[in-house]
Amino acid sequence: MIIVLKDGIGKDKIKSFSDELSRDYGVKVNTWFGTHSTVLGLIGDTQSVDIERVQANDIVDTVKRVQEPYKKANRKFHPDDTVIEVAGRKIGGGNIAIIAGPCSVENRDQICGIAERVKAAGASFLRGGAFKPRTSPYSFQGLRAEGIELLLEAKKQTGLPIVTEIMSINHIDLFADVDIIQVGARNMQNFELLKALGATGKPILLKRGLANTIEETLMSAEYIMSAGNEKVILCERGVRTFEDYTRNTLDISAVPVFKRLSHLPVIVDPSHASGIDWLVEPLSLSAVAAGADGLIIEVHNDPPHALSDGAQSVTPDAFDVIAKKVFHLKKALADL
Ligand code: PEP
Ligand code: MN
């Protein structure tokens, strides 16, 4: 349920009204202060809330029941875009953030060399998998803890904050110095992991599951947020369809839909969505045109010899061109 208050109500009055609602109905009250209005979001079992009584209060403008099962992630509860700031870089609210780097961290020279190149091209974060979810147990599984150490070295060398995927709740301590923790598609509904990440307070990059709906994705964000961490970035990375020319099918409409339903930042992963290097550029541009707040792109110095996902990895030279076009398109759209 959301309660929109009348303009110009003092903070003390708002606080005592919220306390009264929590006490009388046993609900949690989220307060969002906008420039013109204040919105109270009631979370919990709101069945017993007497709408007419609430409406009769002279500080209340309107009261509406919210049908969607996600509350904290819901734009109705938080009309402005959420902007997440990480090491001075902004994600959300119309800024374009590019996260780039290899699928897997392979060795020091590889990760540090790629980090230098993507930084020079305008990326604001370095990605690299240390714990890798692979379909086959015989495929390269990642350098694990050593991979995180190497990412931290690349961060020290370049100043780029790092993004890497967590696969198990048992590894959370290893991620203490990671700037953004990625939850991969395969773990989007690992609810215990989501709850534990909610307790870390770290920015979480939540990828949409292989065959999950938009609402299920928002419910996973809700798990992290309801556990106390509002810093969630949604990522559309393609879903399973009957089409097998591409690895997945990029659901481009998910971008404006997520942005309409939720205030959270939305980024797109054109690499896993397509599985093909030459599709990364057109999909990146489509994502920006559709309103994405950023991209996560796989870049490798030697794609044919990459230990994972070489076919979808672009070279640093190709990434230079993609980043240039992305920034150019973003600027052209902003200048309209
Ligand atoms: C990845 O980013 O390397 C990855 C495994 O992505 P996804 O979870 O989207 O498949
Ligand atoms: Mn990959």
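Just so you know, residue 1 is the first one in the sequence shown, and it goes up from there. Just so it is clear, the structure is predicted and the values come from calculations on it, not from any experiment. In listed order, ligands and their atoms are each counted from 1.
For ligand 1, the atoms sitting less than 4.0 Å from at least one non-hydrogen atom of Arg186 are 7 (P), 8 (O), 10 (O), numbered in the order shown with element in parentheses. Atoms of ligand 1 lying under 4.0 Å from any heavy atom of Gly184, numbered from 1 in the order shown and given with element: 8 (O). Every atom of ligand 1 is numbered from 1 in the order shown, and the set under 4.0 Å from a heavy atom of Glu298 is 3 (O). Residue Arg127 approaches ligand 1 through these ligand atoms, each under 4.0 Å from one of its heavy atoms: 1 (C), 2 (O), 3 (O). Which parts of ligand 1 touch Glu165 is read off a 4.0 Å heavy-atom cut-off, strictly below it: atoms 4 (C), 5 (C).
Its N, O or S atom nearest to the Mn ion (ligand 2) is what matters here, and for His272 that atom is NE2. Restricting Asp309 to its N, O or S atoms, the one at the least distance from the Mn ion (ligand 2) is OD2. Within Glu298, the N/O/S atom positioned nearest the Mn ion (ligand 2) carries the name OE2.
Judged by distance alone, the side chain of Arg237 and the main-chain N or O of Pro270 form no donor-acceptor pair under 3.5 Å. Using a distance-only test at 3.5 Å, with no hydrogens or angles considered, a donor-acceptor pair links the side chain of Arg65 to the main chain of Thr46.
With respect to Asp309 and Arg247, a salt bridge is recorded, a charged nitrogen being found less than 4.0 Å from a carboxylate O.
Contact analysis leaves Arg208 out of contact with ligand 1, as no non-hydrogen atom separation drops below 4.0 angstrom.
Screening Arg208, Lys207, Gln312 against Asp269 for a side-chain hydrogen bond (donor to acceptor under 3.5 Å, both in side chains) leaves a single residue, Lys207.
With 3.5 Å as the limit, one finds no donor-acceptor pair spanning the side chains of Ser274 and Thr246.
Relative to the six-membered ring of Tyr223, Lys72 misses at least one condition, a distance below 6.0 Å or an angle of at most 45° to the axis.
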Practice item. Run the numbers on Glu216 and Gln189 for side-chain hydrogen bond (donor to acceptor under 3.5 Å, both in side chains), then give the verdict. Key: CA-CA 8 Å; Glu216 285 164 348; Gln189 288 191 313; 4.6 Å; no
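Of all protein heavy atoms, the one closest to atom 9 (O) of ligand 1 is Arg237 NE, 2.7 Å.
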